[in-house]
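Presented below is the structure to which this report refers.
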There are 2 protein chains.
Amino acid sequence: MSTSHHPRSWVASANDHPDFPLQNLPLGVFSRPGFGKRGGVAIGDFILDLQTALEASLFNGAARVAVEAASRGQLNDFFALGGSSRQALRHELLHLLDEKTLQRERLQAMGERLLVPMADCQMHMPAQVGDYTDFYVGIHHAMNVGKLFRPDNPLLPNYKYVPIAYHGRASTLGVSGMPVRRPNGQTLKPGAETPDFGPSKRLDYELEVGVWIGQGNEAGEPVAIDKAGEHIAGFCLLNDWSARDLQAWEYQPLGPFLSKSFATSISPWVVTAEALAPFRATQPARPEGDPQPMAYLFDEQDQAGGALDIELEVLLLTAQMKAQDIAPQRLSLSNTLNMYWTVAQMVAHHSVNGCKLQAGDLFGTGTLSGPQPGQLGSLLEMTEGGKRAVELPNGETRTFLEAGDEVILKARCRKEGEVSIGFGECRGVVIG
Amino acid sequence: MSTSHHPRSWVASANDHPDFPLQNLPLGVFSRPGFGKRGGVAIGDFILDLQTALEASLFNGAARVAVEAASRGQLNDFFALGGSSRQALRHELLHLLDEKTLQRERLQAMGERLLVPMADCQMHMPAQVGDYTDFYVGIHHAMNVGKLFRPDNPLLPNYKYVPIAYHGRASTLGVSGMPVRRPNGQTLKPGAETPDFGPSKRLDYELEVGVWIGQGNEAGEPVAIDKAGEHIAGFCLLNDWSARDLQAWEYQPLGPFLSKSFATSISPWVVTAEALAPFRATQPARPEGDPQPMAYLFDEQDQAGGALDIELEVLLLTAQMKAQDIAPQRLSLSNTLNMYWTVAQMVAHHSVNGCKLQAGDLFGTGTLSGPQPGQLGSLLEMTEGGKRAVELPNGETRTFLEAGDEVILKARCRKEGEVSIGFGECRGVVIG
């Protein structure tokens with residue numbers, strides 16, 4: 001594989017960086033001791049401080065407008081500007097950070113005012129989330145979970161027509177590193193007639209991708225499927241922490257509530273559609289006999305090679321493994337090609353009833369399991385509802401998460417002839 | 001009934017006002033031509049402009065802090081101040097607006113700068129809603145709806161243990177007067193195997209009370225039931241517009257989504273716990289054999305007479321009735337005493353898993369039907385799922401809502417020896 005024709009950066013750590021080479025340039029909100037929250041761009045082991053860039057007038061025209069919006073303590077205004085501003089900013093950044101830029105000396109002279117070592121920074125929520133919606137587009141997950149509850153009829157009749165989703169809780173979203181407290185709640189023991197109350201005994205993760213909404217729509221004006229892409233600002237990883245025992249008892253008839261609302265973690269970097277463009281793929285064909293999507297969901301672009309092809313990974317690091325200096329253990333390797341509905345279909349469906357989407361809204365895809373063992377996006381699936389323990393390299397076993405367990409989600413795009421990019425990590429340690 | 005010992009206001013229209021006598025003093029956000037959004041207090045046919053009051057230094061101490069927060073274009077900061085600030089403001093307002101106040105001449109001289117005719121004003125959302133949660137605490141509604149779907153087993157086994165709720169859509173909340181566009185969506189005709197797409201044919205309202213959250217809690221720190229009242233800023237009416245045909249097809253397994261997210265209307269005035277205090281009642285005893293609430297839900301205060309006793313009314317005005325100058329027709333008269341779970345129980349349950357509540361969060365109670373005909377909070381219930389049409393005074397009939405129909409919710413508190421107060425209205429006209 002040769003990527004030698006791709007431009008390199010004068011930020012040395014960006015070249016061959018697993019996540020943040022010059023080709024990625026994701027945006028986020030960071031702070032460092034003594035300075036307030038502000039927008040930045042990941043490049044190698046550094047964050048380009050957009051406030052410094054703005055003050056130094058490094059950008060002009062549309063890119064300057066974009067930087068003004070992106071340099072603030074939240075990216076909502078930047079998201080609202082839409083694709084052309086985002087592209088203008090990327091265009092300028094690609095020039096500024098290229099090893100061949102004529103401004104290299106001036107930029108290097110700005111030192112850590114411009115390029116802040118990532119290790120010194122704390123990341124924050126990239127935007128204030130107005131509404132958070134969690135979809136259920138991972139068909140293998142829906143099938144696996146359905147089998148546990150309804151062996152004869154795992155997939156409900158609406159699944160292949162409706163991109164199923166529910167509203168999630170925005171107030172408990174947090175970025176990678178947020179500790180995850182084990183929730184208390186009601187559970188019904190097998191065979192019991194009355195519920196118990198106490199800490200969840202079946203705490204789980206869910207491997208998802210998050211979708212940041214850019215330009216919104218007016219109430220009553222649905223986003224057409226062929227315009228849906230213009231309403232997406234970027235992507236992240238998302239862990240939809242779930243208390244399975246609370247969920248089983250509470251979820252009928254209105255869906256999951258306290259079993260999910262205690263915490264949802266995301267990776268802090270917003271990876272743009274532009275960065276993902278080289279890695280688009282053809283959405284796998286629907287299995288023979290599956291219905292065609294209805295007209296408002298017919299996504300010509302993704303069928304023609306616009307689907308997401310992102311490798312997704314779950315790793316587990318227990319407190320004991322950490323103490324023993326054992327590396328995190330991979331639990332799963334999946335891919336966004338396991339989505340039955342595309343991101344464009346999610347946007348079109350969400351707004352088809354006139355629902356207003358706003359810049360900074362966040363969608364989760366739902367758990368993205370693959371069809372094979374080793375591709376499962378939750379412990380519920382891996383352990384078949386807690387029946388088969390997962391073995392770890394130090395002899396520990398897990399059916400569900402225990403105190404001190406750290407779950408690490410990663411995502412990466414690779415393609416022959418392209419420079420790989422990554423999403424960074426979405427980590428969370430279970431407390432209690 | 002004598003209320004002669006109760007103070008009267010020098011704002012003449014407040015005395016004997018059906019909604020806004022001196023004893024109510026609800027807060028809201030309003031604008032009038034030429035002026036921006038700001039906080040105000042309803043008094044008779046007027047709105048007391050809190051920005052004018054602030055500029056004129058009408059308040060001191062804790063009340064001044066409260067007015068500073070409440071005079072802005074949204075009440076979130078005021079809500080966050082909590083009960084003691086709210087009570088200080090009420091205390092001062094009761095003095096200022098009392099007919100015996102020594103400041104009467106000075107206040108009257110301020111004219112419409114201080115007291116703006118309500119008829120000249122537009123009302124706005126009282127606060128920016130972080131998260132909107134809709135509960136399901138109307139047991140008669142749960143029973144009626146359950147009967148339509150599961151005649152043998154109308155109430156699910158968790159209902160009497162769990163205050164069932166789901167996350168709603170915050171972006172499409174609007175105040176009384178917001179037009180309600182009929183949503184498009186997928187529906188499954190009876191007997192059909194594949195869904196159709198088009199405008200909902202079973203558009204309905206739901207009679208609910210809204211609960212504004214005041215002081216929030218930190219993530220991971222549940223609100224104890226005996227402190228729950230301190231976290232409530234006030235109450236409003238709420239119409240959870242629902243597309244029943246979309247709902248029936250989409251709601252499994254994750255609950256209602258597009259069938260509700262197109263619009264939710266609220267009344268604009270925030271009626272405080274202090275205004276409701278004289279009308280508190282003893283929560284009706286649970287039916288014999290019902291389980292006692294779990295410890296975290298055991299609400300001593302409401303059992304001892306702290307429950308809400310608010311009369312709730314639904315009226316319908318069709319376009320034809322309007323043209324014929326026929327008054328709105330009452331469809332239902334219900335009461336908050338039909339809540340199986342109290343507001344305190346809702347707060348305690350919502351946060352028991354550590355979920356963070358924030359100032360300006362909004363709860364809906366769920367549809368509050370009574371046990372009798374004439375007390376039903378939705379057309380779904382009144383028409384038994386569309387089977388029995390409702391007759392209107394001009395000979396029209398309705399199973400579900402039609403274009404031009406206006407739904408009007410009202411709420412009132414009455415008690416022997418007390419001055420009645422009202423919530424104002426929550427109105428919405430169906431478009432299309």
Side-chain angles (χ1 to χ4, degrees), chain A residues 130-134 136 146 149 156-158 161-162 164-172 174 179 181 183-186 188 193-195 197 200 216 219-220 222 243 246 249-259 261-263 291 294-296 349-350 352-358 361 431, chain B residues 130-134 136 146 149 156-158 161-162 164-172 174 179 181 183-186 188 193-195 197 200 216 219-220 222 243 246 249-259 261-263 291 294-296 349-350 352-358 361 431:
Chain A
D131 281 287
Y132 159 49
T133 302
D134 202 16
Y136 196 56
F149 290 98
L156 290 165
N158 56 14
Y161 296 93
V162 180
I164 296 289
Y166 71 103
H167 307 294
R169 179 80 192 176
S171 74
T172 46
R181 289 185 194 80
N184 282 316
Q186 294 188 30
L188 192 70
E193 289 199 355
T194 60
F197 180 82
S200 169
L246 276 60
W249 172 236
E250 76 169 358
Y251 92 102
Q252 284 190 315
L254 300 184
F257 183 53
L258 299 189
S259 55
S261 66
F262 57 98
M294 286 186 166
Y296 79 95
H349 183 67
H350 202 315
V352 76
N353 69 340
C355 181
K356 181 191 177 104
L357 307 179
Q358 298 180 111
D361 284 350
I431 309 288
Chain B
D131 281 287
Y132 159 49
T133 301
D134 202 15
Y136 197 56
F149 290 98
L156 290 166
N158 56 14
Y161 296 94
V162 180
I164 296 289
Y166 71 103
H167 307 295
R169 180 80 193 174
S171 74
T172 46
R181 290 185 193 81
N184 282 317
Q186 294 188 30
L188 192 71
E193 287 200 355
T194 60
F197 180 83
S200 168
L246 275 60
W249 172 235
E250 76 169 0
Y251 91 103
Q252 283 189 314
L254 300 183
F257 183 53
L258 299 189
S259 56
S261 65
F262 57 98
M294 286 186 166
Y296 80 96
H349 183 66
H350 202 315
V352 76
N353 69 340
C355 181
K356 179 188 178 109
L357 306 178
Q358 298 180 111
D361 283 349
I431 308 288

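In this text, all values refer to a predicted model and were calculated from it rather than measured experimentally. Values below: every heavy atom of this structure, side chains too, minus hydrogens, waters and symmetry copies.
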**Asked** Among A:Pro256, A:Ala243, A:Gly130, which has the most heavy-atom pairs under 4.5 Å with chain B?
**Response** A:Pro256
**Asked** chain A: which of B:His349, B:Gln358, B:Gln186 shares the most heavy-atom pairs with it under 4.5 Å?
**Response** B:Gln186
**Asked** With a 4.5 angstrom heavy-atom cut-off, which part of B:Pro253 approaches chain A: side chain, backbone, both or neither?
**Response** both
**Request:** Heavy-atom distances under 4.5 Å only: say whether A:Leu258 touches chain B with side chain, backbone, both or neither.
**Result:** both
**Side-chain heavy atoms of B:Phe257 within contact of A:His350, under 4.5 Å** = yes
**Fill in**
Interatomic distance, CG@B:Leu357 vs CZ@A:Arg169, rounded to 0.5 Å, equals 5.5 Å
**Request:** Give a yes-or-no answer on whether the side chains of A:Asp361 and B:Ser171 include a donor-acceptor pair shorter than 3.5 Å.
**Result:** no
**Item:** Close side-chain approach of A:Cys355 and B:Phe262, heavy atoms under 4.5 Å
**Value:** no
**Main-chain N/O of B:Gln252 paired to A:Asn158 side chain as donor or acceptor, under 3.5 Å** = yes
**Message:** At a heavy-atom distance under 4.5 Å, which candidate from A:Ser259, A:Pro195, A:Pro291, A:Pro179 has the highest pair count against chain B?
**Reply:** A:Pro195
**Request:** Find the distance between CG (A:Leu246) and CG (B:Asn353) and round it off to the nearest 0.5 Å.
**Result:** 7.5 Å
**Asked** Hey, is the main chain of A:Val162 close enough, under 3.5 Å, to the side chain of B:Glu250 for a donor-acceptor pair?
**Response** no
**Fill in**
Assert top hit (heavy-atom pairs under 4.5 Å, partner chain B, pool A:Pro222, A:Pro157, A:Gly354) equals A:Pro157
**Request:** Please answer whether the main-chain N or O of A:Ala170 pairs with a side-chain N or O of B:Asp131 as donor and acceptor at a distance below 3.5 Å.
**Result:** yes
**Prompt:** Atom CG of A:Leu156 and atom CH2 of B:Trp249: how far apart are they, to the nearest 0.5 Å?
**Reply:** 9.5 Å
**Atom pair OH/NE2 of B:Tyr166 and A:His167 - distance to nearest 0.5 Å** = 6.5 Å
**Asked** Most heavy-atom pairs under 4.5 angstrom with chain B, which of A:Gly168, A:Pro183, A:Gly185, A:Gly146?
**Response** A:Gly168
**Fill in**
When the 4.5 angstrom heavy-atom criterion is applied to B:Thr133 and chain A, the contacting part is side chain
**Fill in**
From the list A:Asn184, A:Asp134, A:Ile431, A:Leu188, the residue making the most non-hydrogen contacts under 4.5 Å with chain B is A:Asn184
**Prompt:** ring-ring contact (aromatic ring centres under 6.0 Å, His included) between A:Phe197 and B:Tyr296: does it pass, once the steps are laid out?
**Reply:** CA-CA 9 Å; A:Phe197 180 82; B:Tyr296 80 96; 4.6 Å; yes
